[in-house]
J.: 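The structure is given below, and queries will be raised subsequently.
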Amino acid sequence: MNRITENTRRILGELPEGVELLVAGKGRTADELMAAVEGGARIIGQNYVQAAEPAIRAIGNLVQWHFIGHLQRNKAKRAVELFQMIETVDSIELACELDKRCAGIGLIMPVLIEVNSARESRKAGVFPEDVVALTRGIASLPNVRLMGLMTMGPLARAAGECRPFFSGTRRLFDEIDSLALPHVQMKYLSMGMTDTYKIAIREGANIIRIGRGIFGER
Ligand SMILES: *Cc1c(COP(=O)(O)O)cnc(C)c1O
(Lines give C-alpha, C1' and ligand atoms only; values in the text may rest on other atoms or scores of the structure.)
Protein backbone atom coordinates (compact mmCIF):
# COMPACT_ATOMS: atom_id res chain seq x y z
CA MET A 1 0.00 0.00 0.00
CA ASN A 2 1.06 3.57 -0.66
CA ARG A 3 2.76 5.17 2.37
CA ILE A 4 0.32 8.11 2.36
CA THR A 5 -2.67 5.77 2.29
CA GLU A 6 -1.13 3.74 5.09
CA ASN A 7 -0.41 6.78 7.30
CA THR A 8 -3.95 8.06 6.81
CA ARG A 9 -5.45 4.71 7.74
CA ARG A 10 -3.23 4.41 10.84
CA ILE A 11 -4.11 7.88 12.16
CA LEU A 12 -7.84 7.36 11.49
CA GLY A 13 -7.63 4.07 13.36
CA GLU A 14 -6.17 5.83 16.42
CA LEU A 15 -8.78 8.56 16.66
CA PRO A 16 -11.40 8.37 19.37
CA GLU A 17 -15.05 8.33 18.33
CA GLY A 18 -16.24 11.79 17.31
CA VAL A 19 -12.84 13.20 16.33
CA GLU A 20 -12.44 13.97 12.63
CA LEU A 21 -9.24 14.05 10.62
CA LEU A 22 -8.62 17.00 8.33
CA VAL A 23 -5.78 16.32 5.91
CA ALA A 24 -3.71 19.50 5.52
CA GLY A 25 -3.10 19.55 1.78
CA LYS A 26 -0.95 22.62 1.13
CA GLY A 27 1.78 21.97 -1.40
CA ARG A 28 0.59 18.42 -2.14
CA THR A 29 -0.51 17.18 -5.56
CA ALA A 30 -3.96 15.86 -6.38
CA ASP A 31 -2.43 12.36 -6.61
CA GLU A 32 -0.97 12.63 -3.10
CA LEU A 33 -4.30 13.86 -1.76
CA MET A 34 -6.09 11.05 -3.58
CA ALA A 35 -3.86 8.53 -1.80
CA ALA A 36 -5.07 9.98 1.52
CA VAL A 37 -8.68 9.72 0.31
CA GLU A 38 -8.05 6.05 -0.45
CA GLY A 39 -6.89 5.71 3.16
CA GLY A 40 -10.24 7.04 4.34
CA ALA A 41 -9.70 10.82 4.53
CA ARG A 42 -12.99 12.69 4.27
CA ILE A 43 -11.90 16.30 4.88
CA ILE A 44 -9.08 18.12 3.10
CA GLY A 45 -7.87 21.55 4.22
CA GLN A 46 -6.33 24.07 1.85
CA ASN A 47 -4.48 27.31 2.64
CA TYR A 48 -4.66 29.06 -0.73
CA VAL A 49 -7.75 29.45 -2.91
CA GLN A 50 -6.10 29.39 -6.33
CA ALA A 51 -3.58 26.65 -5.58
CA ALA A 52 -6.41 24.42 -4.33
CA GLU A 53 -8.45 24.52 -7.52
CA PRO A 54 -6.74 21.70 -9.48
CA ALA A 55 -7.07 19.25 -6.58
CA ILE A 56 -10.68 20.29 -5.95
CA ARG A 57 -11.45 19.73 -9.63
CA ALA A 58 -9.77 16.31 -9.55
CA ILE A 59 -11.20 15.00 -6.27
CA GLY A 60 -14.42 17.01 -5.99
CA ASN A 61 -17.04 15.87 -3.57
CA LEU A 62 -15.37 12.65 -2.52
CA VAL A 63 -14.32 14.86 0.41
CA GLN A 64 -15.31 18.07 2.15
CA TRP A 65 -13.00 21.01 1.49
CA HIS A 66 -12.15 23.29 4.41
CA PHE A 67 -10.31 26.57 3.98
CA ILE A 68 -7.59 26.82 6.67
CA GLY A 69 -5.32 29.63 5.42
CA HIS A 70 -5.50 33.38 5.76
CA LEU A 71 -8.40 34.44 3.55
CA GLN A 72 -8.17 37.78 1.78
CA ARG A 73 -11.47 39.52 1.18
CA ASN A 74 -10.92 39.63 -2.57
CA LYS A 75 -10.77 35.81 -2.59
CA ALA A 76 -14.01 35.37 -0.64
CA LYS A 77 -16.19 35.00 -3.73
CA ARG A 78 -14.18 32.10 -5.16
CA ALA A 79 -13.68 30.59 -1.70
CA VAL A 80 -17.40 30.20 -1.04
CA GLU A 81 -17.83 28.51 -4.41
CA LEU A 82 -15.09 25.96 -3.69
CA PHE A 83 -15.15 25.25 0.06
CA GLN A 84 -17.72 23.75 2.40
CA MET A 85 -16.29 25.36 5.54
CA ILE A 86 -14.09 28.40 6.24
CA GLU A 87 -12.11 27.71 9.44
CA THR A 88 -10.23 30.99 9.57
CA VAL A 89 -12.64 33.90 9.95
CA ASP A 90 -10.72 36.58 11.85
CA SER A 91 -12.61 39.83 11.31
CA ILE A 92 -16.15 41.11 10.96
CA GLU A 93 -15.16 42.60 7.58
CA LEU A 94 -14.27 39.16 6.24
CA ALA A 95 -17.41 37.64 7.75
CA CYS A 96 -19.56 40.32 6.07
CA GLU A 97 -17.87 39.72 2.71
CA LEU A 98 -18.47 35.96 3.01
CA ASP A 99 -22.08 36.63 3.99
CA LYS A 100 -22.61 38.81 0.92
CA ARG A 101 -20.99 36.28 -1.42
CA CYS A 102 -23.00 33.40 0.04
CA ALA A 103 -26.23 35.36 -0.27
CA GLY A 104 -25.36 35.87 -3.95
CA ILE A 105 -25.36 32.13 -4.60
CA GLY A 106 -28.00 31.17 -2.06
CA LEU A 107 -26.02 29.20 0.49
CA ILE A 108 -25.24 29.31 4.18
CA MET A 109 -21.54 28.79 4.92
CA PRO A 110 -20.38 27.09 8.11
CA VAL A 111 -17.47 29.06 9.57
CA LEU A 112 -15.08 28.84 12.50
CA ILE A 113 -13.35 31.78 14.18
CA GLU A 114 -9.56 31.48 14.16
CA VAL A 115 -8.29 32.27 17.65
CA ASN A 116 -4.76 33.60 18.12
CA SER A 117 -4.63 31.69 21.37
CA ALA A 118 -0.97 32.43 22.13
CA ARG A 119 -1.49 36.15 21.37
CA GLU A 120 1.48 36.18 19.00
CA SER A 121 1.70 39.52 17.21
CA ARG A 122 2.62 38.13 13.81
CA LYS A 123 0.07 35.35 13.86
CA ALA A 124 -3.34 35.35 12.20
CA GLY A 125 -6.50 35.09 14.22
CA VAL A 126 -8.45 37.00 16.83
CA PHE A 127 -7.13 37.52 20.35
CA PRO A 128 -9.13 35.47 22.88
CA GLU A 129 -10.64 38.56 24.52
CA ASP A 130 -12.10 39.69 21.18
CA VAL A 131 -13.74 36.41 20.19
CA VAL A 132 -17.10 36.94 21.90
CA ALA A 133 -17.61 40.30 20.17
CA LEU A 134 -16.86 38.74 16.78
CA THR A 135 -19.20 35.87 17.63
CA ARG A 136 -22.05 38.32 18.21
CA GLY A 137 -21.26 40.06 14.92
CA ILE A 138 -21.28 36.82 12.95
CA ALA A 139 -24.49 35.72 14.66
CA SER A 140 -26.27 38.66 13.01
CA LEU A 141 -25.28 37.58 9.47
CA PRO A 142 -27.88 35.37 7.77
CA ASN A 143 -25.63 33.56 5.29
CA VAL A 144 -22.74 32.50 7.54
CA ARG A 145 -23.23 30.11 10.42
CA LEU A 146 -20.72 30.11 13.27
CA MET A 147 -20.03 26.49 14.21
CA GLY A 148 -16.92 26.64 16.38
CA LEU A 149 -13.33 27.72 16.85
CA MET A 150 -9.99 26.92 15.26
CA THR A 151 -6.53 27.58 16.66
CA MET A 152 -2.93 26.90 15.71
CA GLY A 153 -1.30 27.26 19.13
CA PRO A 154 2.22 28.62 19.45
CA LEU A 155 4.71 27.55 16.80
CA ALA A 156 8.24 26.25 17.29
CA ARG A 157 7.91 25.05 20.85
CA ALA A 158 7.78 21.73 22.59
CA ALA A 159 4.43 20.05 21.94
CA GLY A 160 3.45 20.07 25.63
CA GLU A 161 3.66 23.84 25.73
CA CYS A 162 0.60 23.98 23.49
CA ARG A 163 -1.63 22.51 26.15
CA PRO A 164 -2.64 25.72 27.98
CA PHE A 165 -3.50 27.39 24.65
CA PHE A 166 -5.64 24.45 23.59
CA SER A 167 -7.39 24.30 26.97
CA GLY A 168 -7.92 28.07 26.88
CA THR A 169 -9.52 27.80 23.45
CA ARG A 170 -11.68 24.97 24.76
CA ARG A 171 -12.88 27.17 27.64
CA LEU A 172 -13.72 29.94 25.19
CA PHE A 173 -15.64 27.42 23.07
CA ASP A 174 -17.67 26.35 26.13
CA GLU A 175 -18.26 29.96 27.15
CA ILE A 176 -19.66 30.84 23.72
CA ASP A 177 -21.76 27.69 23.69
CA SER A 178 -23.26 28.65 27.06
CA LEU A 179 -24.34 32.05 25.67
CA ALA A 180 -26.77 30.08 23.46
CA LEU A 181 -26.84 32.83 20.83
CA PRO A 182 -29.36 32.45 18.04
CA HIS A 183 -27.82 31.17 14.78
CA VAL A 184 -24.65 30.03 16.59
CA GLN A 185 -24.19 26.29 16.81
CA MET A 186 -20.92 25.46 18.59
CA LYS A 187 -19.98 22.05 17.28
CA TYR A 188 -16.39 22.03 16.01
CA LEU A 189 -13.13 22.68 17.82
CA SER A 190 -10.30 22.45 15.28
CA MET A 191 -6.91 22.21 17.05
CA GLY A 192 -3.75 20.19 16.82
CA MET A 193 -1.32 19.31 14.05
CA THR A 194 1.16 16.50 13.49
CA ASP A 195 3.22 17.23 16.62
CA THR A 196 0.36 18.23 18.88
CA TYR A 197 -2.81 16.38 17.90
CA LYS A 198 -2.78 13.91 20.77
CA ILE A 199 -2.64 16.74 23.29
CA ALA A 200 -5.30 18.64 21.35
CA ILE A 201 -7.67 15.67 21.48
CA ARG A 202 -7.21 15.42 25.26
CA GLU A 203 -8.08 19.11 25.49
CA GLY A 204 -11.29 18.64 23.51
CA ALA A 205 -10.44 19.01 19.81
CA ASN A 206 -12.87 17.24 17.48
CA ILE A 207 -11.11 18.23 14.25
CA ILE A 208 -7.36 17.67 14.03
CA ARG A 209 -5.35 18.95 11.07
CA ILE A 210 -2.49 16.75 9.90
CA GLY A 211 -0.04 17.34 7.05
CA ARG A 212 3.49 16.02 7.70
CA GLY A 213 2.25 13.03 9.68
CA ILE A 214 0.54 11.79 6.52
CA PHE A 215 2.71 13.04 3.66
CA GLY A 216 6.13 13.45 5.29
CA GLU A 217 8.11 16.67 5.41
CA ARG A 218 7.48 19.14 2.59
C1 LIG B 1 0.01 22.96 7.41
C2 LIG B 1 -1.06 23.16 8.38
C3 LIG B 1 -1.42 22.16 9.31
C4 LIG B 1 -0.71 20.83 9.38
O5 LIG B 1 0.58 20.98 9.91
P6 LIG B 1 1.55 19.68 10.02
O7 LIG B 1 2.56 20.14 11.01
O8 LIG B 1 2.10 19.48 8.65
O9 LIG B 1 0.73 18.55 10.50
C10 LIG B 1 -2.47 22.41 10.16
N11 LIG B 1 -3.14 23.58 10.15
C12 LIG B 1 -2.83 24.57 9.30
C13 LIG B 1 -3.61 25.83 9.33
C14 LIG B 1 -1.78 24.39 8.39
O15 LIG B 1 -1.49 25.38 7.55
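Both ligands and their constituent atoms are indexed starting at 1 by order of listing.
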J.: Give the atoms of ligand 1, by number and element, whose distance to some non-hydrogen atom of Gly211 is under 4.0 Å.
T.: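 Listed by number with element: 4 (C), 6 (P), 8 (O), 9 (O).
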
J.: In sequence, state the C-alpha distance, the side-chain angles, and the governing distance for Glu120 and Arg122, and then conclude on side-chain contact (heavy atoms from CB on, under 4.5 Å).
T.: CA-CA 6 Å; Glu120 291 170 313; Arg122 282 172 307 169; over 6 Å; no

J.: For atom 13 (C) of ligand 1, which candidate among Glu114, Met193, Met152, Arg212 holds the nearest heavy atom?
T.: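 Answer by nearest heavy atom: Met152.
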
J.: Charged N to carboxylate O below 4.0 Å: is that the case for Glu53 and Arg78?
T.: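 Looking at Glu53 and Arg78, the cut-off is met.
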
J.: Using heavy-atom distances only, which candidate in Leu22, Thr194, Ile210, Thr88 approaches atom 6 (P) of ligand 1 most closely?
T.: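 Comparing heavy atoms across Leu22, Thr194, Ile210, Thr88, the nearest one to atom 6 (P) of ligand 1 lies in Thr194.
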
J.: Salt bridge between Arg212 and Glu217, side-chain N to carboxylate O under 4.0 Å?
T.: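 Looking at Glu217 together with Arg212, the answer is yes, because their closest N to O distance falls below 4.0 Å.
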
J.: When you check the side-chain N and O atoms of Asn116 and Arg119, is any donor under 3.5 Å from an acceptor?
T.: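 Side-chain D/A pair, Asn116 to Arg119: absent.
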
J.: Checking a contact table here: which protein heavy atom is nearest atom 2 (C) of ligand 1, and how many Å away?
T.: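 Checked against all protein heavy atoms, atom 2 (C) of ligand 1 sits closest to Lys26 NZ, 2.5 Å.
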
J.: Note the single closest protein heavy atom to atom 11 (N) of ligand 1, along with its residue, its atom name and the distance in Å.
T.: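 Result: Arg209 NE, 2.9 Å.
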
J.: Should Glu32 and Arg3 count as an ion pair when the cut-off is N to O under 4.0 Å?
T.: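 Salt bridge: no.
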
